[in-house]
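A, B, ... follow the sequence lines: proteins, then strands. Residue 1 opens every chain.
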Amino acid sequence: MRCSMTERGYLFKDIESKWRKRWEDDRVFESRRDPDRKKYYLLEMFPYPSGRLHMGHVRNYSIGDLMARFKRMRGYNVLHPIGWDAFGLPAENAAIKEGIPPFRWTLDNIGHMKEQFGKLGVSYDWTREFATCDPNYYRWNQWVFLKMYERGLAYKKKASVNWCPSCNTVLANEQVVDGLCWRCESNVLQKELEQWFFKITDYAEDLLKGHDELGDGWPERVVTMQRNWIGRSTGLTVKFRLESGEDFPIYTTRPDTVFGVTFMVIAPEHSLLDRVGDPRVREFIERFKSQPLVDRLSDEKEKEGVDTGLKVINPFNGDIVPLYVGNFVLMEYGTGAIMAVPAHDTRDFAFAKKYGIPVKLVIDRPGESLSVSTMEDAYVEDGVCVNSGPFDGLGNREAMSKISDYAEEKGFGKRAVTYRLRDWLISRQRYWGCPIPVVYCDKCGPQPVKEEELPVVLPTDVEFRGDSRSPLIFMDDFIKTSCPKCGGAARRETDTMDTFVDSSWYFAKFTSPKSSGMFDQEEVNYWMPVDQYIGGIEHACLHLLYARFFNMVLNDLGVVNCREPFTRLLTQGMVIKEGAKMSKSKGNIVDPDKIIEEYGADTARLFMLFASPPEKDLDWSDKGVEGCSRFIGRVWRVVSKYAADYTAERCAAEAALSDELRALRIELHRTMKIVTHDIEERLQYNTAIARLMELVNALYQLPDSEAATPDGKKVLSEVFDSLIPMLSPFVPHVAEEMWAMLGHKELLVNQPWPAYIEALSVRDEIEIVFQVNGKNRSKAPVAPDISKDEMERLALADQRIGDFIAGKQVVKVIVVPGKLVNIVVK
RNA sequence: GCCCAAGUGGUGGAAUUGGUAGACACAAGGGACUUAAAAUCCCUCGGACUUCGGUCUGUGCCGGUUCAAAUCCGGCCUUGGGCACCA
């Protein structure tokens with residue numbers, strides 16, 4: 001069947017819908033487990049059903065679909081599923097504002113976005129689709145919660161937590177960016193609240209070790225970000241003592257400076273301060289607690305403190321030093337108190353100067369002695385121990401371990417590893433999320449819901465009261481229940497789970513979405529781990545960290561075999577327009593629907609892959625889209641021109657052909673080789689497309705007289721039989737149409753990736769360069785297998801080179817095979 | 001402050017291991033086709049000079065290593081990202 005051309009090019013609308021229907025009818029993208037075939041699980045981060053796809057989605061899914069289709073053609077058993085990250089605040093905010101129930105709002109959005117996905121022609125297995133707001137899905141959130149609760153990995157504690165006043169809920173540490181809410185950028189406050197946590201800190205070491213297993217499958221950048229976030233440090237916990245005799249432990253990474261302690265500092269939230277009645281101290285603590293988090297984190301924030309009047313004894317030398325309360329000491333890190341060594345810590349130095357605290361030097365510069373009275377800042381470099389009792393004269397590096405040994409022997413110190421990572425705060429004071437499966441009994445306290453009573457279903461017929469309070473707290477039907485332990489009256493937990501819990505295991509559920517258990521074991525262990533995961537880098541320390549943790553827990557529970565869920569990760573860049581991220585507020589949004597309407601999905605996809613390599617940011621350009629559309633038209637026209645001459649006959653590999661045909665044939669095989677390498681090894685799709693464009697340009701250079709010969713028809717048929725399959729992962733619809741145009745009956749999506757002939761992938765003649773003293777002076781066409789001696793001979797015999805070296809002495813001749821000859825003269 | 005990227009024509013970007021800088025595309029200019037336009041096809045396209053053969057110069061800046069540097073090393077500048085009172 002032929003489609004007539006439009007003025008622009010081709011009738012993409014008819015073509016695109018026709019082939020999507022064929023793929024759907026033939027169920028070509030539905031995958032089935034097959035232990036005899038090599039599996040490839042490809043996944044893009046699933047979308048939140050906001051209602052509309054944006055260009056970032058289009059880019060993400062274009063990259064993913066290219067890889068999925070390519071791997072299919074390479075013979076892999078590919079799993080390429082999609083679903084919906086369907087819980088979350090926007091649905092609830094829409095409900096409050098417009099009165100639409102979150103459940104309906106979400107389903108409507110899914111419906112619309114599904115249509116958009118349809119138009120893009122992404123090769124998903126839609127039979128595996130699910131949304132995380134489905135009780136059959138989130139019941140397993142609850143199940144894992146119960147298992148974690150049993151093991152002490154899910155627990156409730158009162159702590160100073162991040163509170164977003166705009167979202168009206170608490171946030172995990174990872175969800176606070178520079179003191180602001182990651183979602184709405186409101187000022188985050190600190191509140192003392194009792195909240196549910198997942199003990200991700202138990203897995204800190206595993207998460208770090210796992211990075212080695214990921215190797216070069218993950219971008220170095222992401223691994224570094226996670227490593228920094230986890231923030232492992234090694235040091236010593238030292239039991240100082242209060243004058244009253246109580247233990248006063250601190251953690252330090254600089255045990256070598258412990259003889260230089262001249263004061264101690266304690267966090268304002270520390271319970272020890274409850275006994276200090278001094279009004280100046282009380283006032284300081286109150287002022288501190290009311291500060292928004294941004295102010296506390298601010299750069300210029302002065303280090304402030306007040307002397308508590310308490311004294312602390314240094315177990316190493318018996319020194320008695322004052323204890324300050326300070327605004328820079330964190331309750332959540334270490335023991336919430338520090339030893340301060342002003343001589344060797346910049347911050348302590350500034351603090352000591354401010355409050356007139358003495359400075360004691362314990363590490364001296366090798367060679368020249370430092371003097372406390374003339375020091376203008378702390379000495380933080382390595383040196384030699386002084387004023388350190390038995391350790392005097394040791395290098396400070398050596399002293400670190402000697403002093404640690406000493407403290408451990410004496411029993412007042414212990415080596416310790418500390419992490420910056422905090423436990424994951426997972427409860428949210430909002431409605432549209434997975435209920436936490438806990439009930440509160442007046443007699444028995446908090447009790448986990450019994451496993452057989454799962455799921456705890458989130459009611460969907462809810463009424464909002466015009467504010468962000470969760471409707472659950474007014475719903476007696478939901479709240480009133482009985483205690484699983486004593487059977488007495490009890491109340492349900494009304495907090496829901498962080499939606500990052502939902503997205504921490506959805507990838508495993510895709511392997512067996514219809515299973516009545518959490519997973520079908522055979523399926524999950526056949527498909528997992530995800531071979532290639534694709535998404536934005538903004539999730540480096542959010543979703544990607546949580547998901548790794550969660551998968552390790554699932555592994556420990558015995559429900560999945562793999563430890564790491566994502567073998568390879570590709571972090572695609574943002575879509576930029578006029579130098580800024582596309583956003584409503586900047587007014588620089590390009591609507592994917594409009595682009596697809598005007599140019600078709602193939603053009604939209606091609607542009608996304610051609611404009612920039614996947615990891616880099618992509619600059620949107622209307623003209624660039626135009627160019628991609630033009631290229632598709634160019635291919636279309638050249639295929640149309642020769643389609644009637646298509647033949648199944650092929651020239652033998654060694655067939656003697658005219659110069660033009662032979663050159664074209666070699667261009668074809670060269671292109672196949674390079675394109676395969678660019679896609680498979682380099683993940684650099686823009687250069688792969690550039691090579692395909694060159695091949696098409698070469699087709700346009702072929703004289704009609706050559707094309708019309710019997711050999712010409714055979715060579716052109718050979719070109720199309722490989723060119724069109726190579727185009728298929730980039731522009732699948734139009735490629736399928738052109739394939740059919742040649743008379744092929746089988747679907748192109750089921751064709752294998754074309755294989756090139758090595759002997760035909762090398763040009764007959766290459767150009768080498770002759771240099772004199774490193775400057776290009778001449779060139780010559782030669783056979784590609786030319787010897788070094790012959791290259792040198794040709795260079796020296798070259799007329800122009802002769803002119804340049806005449807009367808000079810040849811010092812050296814460097815020959816780079818197949819590239820150049822450099823003649824060094826003086 | 002610390003750590004990590006990046007900086008190449010008018011623009012997006014190529015250059016895979018130190019070996020012809022600027023592939024491919026956009027924009028611009030010219031030509032062909034056309035009554036004309038659009039579309040299409042072809043050609044030119046870093047800068048300066050040029051006797052039109054070429055010559056010099058050029059990958060953020062300064063220096064170095066090398067026969068040869070966008071690529072390696074040292075120092076600096078700019079942009080982006082991460083971490084930042086983590087004891």
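- By the rule that a glycosidic angle within 90° of 0 means syn, G53(B) counts as syn.
- For the pair Glu220(A) CD and G81(B) C1', the computed distance is 15 Å after rounding to whole Å.
- In this structure, Tyr700(A) reaches the C41(B) phosphate: one of its side-chain N or O atoms is under 4.0 Å from OP1 or OP2.
- Annotation: side chain to side chain contact (heavy atoms under 4.5 Å, CB included) contacts of Lys788(A) (sequence neighbours excluded): Val815(A), Pro817(A).
- An OP1 or OP2 oxygen of C26(B) is reached within less than 4.0 angstrom by a side-chain nitrogen or oxygen of Arg630(A).
- Note on Arg637(A): a side-chain N or O is less than 4.0 Å away from OP1 or OP2 of C41(B).
- Using modelled atom types, no side-chain atom of Tyr599(A) and backbone atom of Asp602(A) make a donor-acceptor pair closer than 3.5 Å.
- Among the atoms of the strands shown, none is found under 4.0 Å from any heavy atom of Thr224(A).
- When ring centroids are compared, Phe351(A) and Phe328(A) come within the 6.0 Å threshold.
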Step-by-step side chain to side chain donor-acceptor pair (under 3.5 Å) determination, Gln190(A) to Ser160(A) = CA-CA 6 Å; Gln190(A) 297 295 114; Ser160(A) 174; 3.2 Å; yes
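- Straight-line distance between the C1' atoms of U79(B) and A27(B): roughly 25 Å, to the nearest whole Å.
- Each of Phe197(A), Trp229(A), Tyr546(A) was checked for a ring-ring contact (aromatic ring centres under 6.0 Å, His included) with Trp424(A), and the lone residue meeting it is Tyr546(A).
- Nucleotide G9(B) is shown with a syn base, its glycosidic torsion being within 90° of 0.
- A stem is defined here as three or more consecutive Watson-Crick or G-U pairs, each with both distances under 3.5 Å; for RNA chain B these stems are B:1-7 with B:77-83, B:10-12 with B:24-26, B:28-32 with B:40-44, B:46-49 with B:54-57, B:60-64 with B:72-76.
- Atoms CG (Leu609(A)) and C1' (C24(B)) sit 15 Å apart, rounded to a whole Å.
- Atoms OH (Tyr251(A)) and P (C86(B)) sit 12 Å apart, rounded to a whole Å.
- Separating the NZ atom of Lys303(A) from the C1' atom of C85(B) is a distance of 5 Å, rounded to the nearest angstrom.
- For the pair Lys775(A) and Lys812(A), both in contact range of RNA chain B, the more 5′-proximal nearest nucleotide belongs to Lys775(A).
- The distance between the ring centers of Phe610(A) and Phe730(A) does not fall below 6.0 angstrom.
- Rounded to whole Å, the separation between the C1' atoms of G46(B) and G9(B) comes to 5 Å.
- In this model, the phosphate group of A25(B) is approached by a side-chain N or O of Asn697(A) to a distance below 4.0 Å at OP1 or OP2.
- If you check every strand for non-hydrogen atoms under 4.0 Å, Ser621(A) touches nothing.
- In this structure, of A25(B), C43(B), U40(B), it is C43(B) that holds the atom nearest to the side chain of Gln701(A).
- Atom-to-atom, CG of Leu695(A) to P of A23(B) comes out at 18 Å; the value is rounded to the nearest Å.
- Under the 6.0 Å distance and 45° angle rule, Arg634(A) counts as a cation-pi partner of Tyr700(A).
- One P atom belongs to G53(B), the other to G58(B), and the distance between them is 25 Å to the nearest Å.
- The side chain of Lys623(A) lies closest to C26(B) when the candidates are C26(B), A87(B), A23(B).
- Residue contacts for Thr418(A): at a heavy-atom cut-off of 4.0 Å it reaches no nucleic acid atom on any strand shown.
- Between the C1' atoms of G74(B) and G13(B), the separation comes to 30 Å (whole Å).
- Remark: the separation of the P atoms in A25(B) and C45(B) is 15 Å, to the nearest Å.
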All N/O contacts under 3.5 Å from nucleotides 29-32 of chain B to the protein, with atom names and distances to one decimal?
none

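- The CZ atom of Arg254(A) sits 11 Å away from the C1' atom of A87(B) (whole-angstrom rounding).
- Under 4.0 angstrom from either OP1 or OP2 of A87(B) there lies at least one side-chain N or O belonging to Ser233(A).
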task = Using a 4.0 Å heavy-atom cut-off, write out nucleotides 5-21 of chain B from 5' to 3' as B (base contacted by protein), S (sugar-phosphate only) or - (no contact).
result = -------BSSSB--BBS
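- With Thr671(A) contributing its side chain and Glu667(A) its backbone, the two residues share a donor-acceptor pair below 3.5 Å.
- With sequence neighbours excluded, the residues forming a side chain to side chain contact (heavy atoms under 4.5 Å, CB included) with Pro614(A) are Ile63(A), Leu570(A), Tyr685(A), listed by chain and number.
- The side chain of Arg777(A) places an N or O atom within less than 4.0 Å of a non-bridging phosphate oxygen (OP1 or OP2) of C56(B).
- Ring centroid separation for the pair Tyr333(A) and Tyr419(A) does not come in under the 6.0 Å cut-off.
- Put simply, CD1 on Ile801(A) is 13 Å from P on G54(B), counting in whole angstrom units.
- Residue contacts for Gly231(A): at a heavy-atom cut-off of 4.0 Å it reaches no nucleic acid atom on any strand shown.
- Nearest-nucleotide assignment on RNA chain B puts the 5′-proximal partner with Val177(A), out of Val177(A) and Tyr333(A).
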message = Between Asp256(A) and Asn396(A), does the side chain to side chain donor-acceptor pair (under 3.5 Å) criterion hold? Intermediate values first, please.
response = CA-CA 6 Å; Asp256(A) 53 325; Asn396(A) 71 305; 3.0 Å; yes
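- Between the C1' atoms of C72(B) and U65(B), the separation comes to 8 Å (whole Å).
- As rounded to whole Å, 10 Å separates atom C1' of U55(B) from atom CZ of Arg800(A).
- Heavy atoms from other residues, nucleotides or ligands lying under 6.0 Å from CZ of Arg241(A) number 12 at most.
- Judged by distance alone, with hydrogens and angles left aside, the side-chain atoms of Asp247(A) form no donor-acceptor pair with the main-chain N or O of Lys239(A) at under 3.5 Å.
- Closest approach to the Phe804(A) side chain among C86(B), A87(B), U55(B) is made by U55(B) (side chain taken as heavy atoms from C-beta onward).
- For the P atoms, the distance from U8(B) to U71(B) is 13 Å, rounded to whole Å.
- Rounded to whole Å, the C1' atom of A15(B) lies 11 Å from the corresponding atom of U20(B).
- In terms of the side chain to side chain contact (heavy atoms under 4.5 Å, CB included) criterion, Asp216(A) has no residue partners (sequence neighbours excluded).
- In this structure, the side chains of Ile823(A) and Gln771(A) stay at 4.5 Å or more apart for every pair of heavy atoms.
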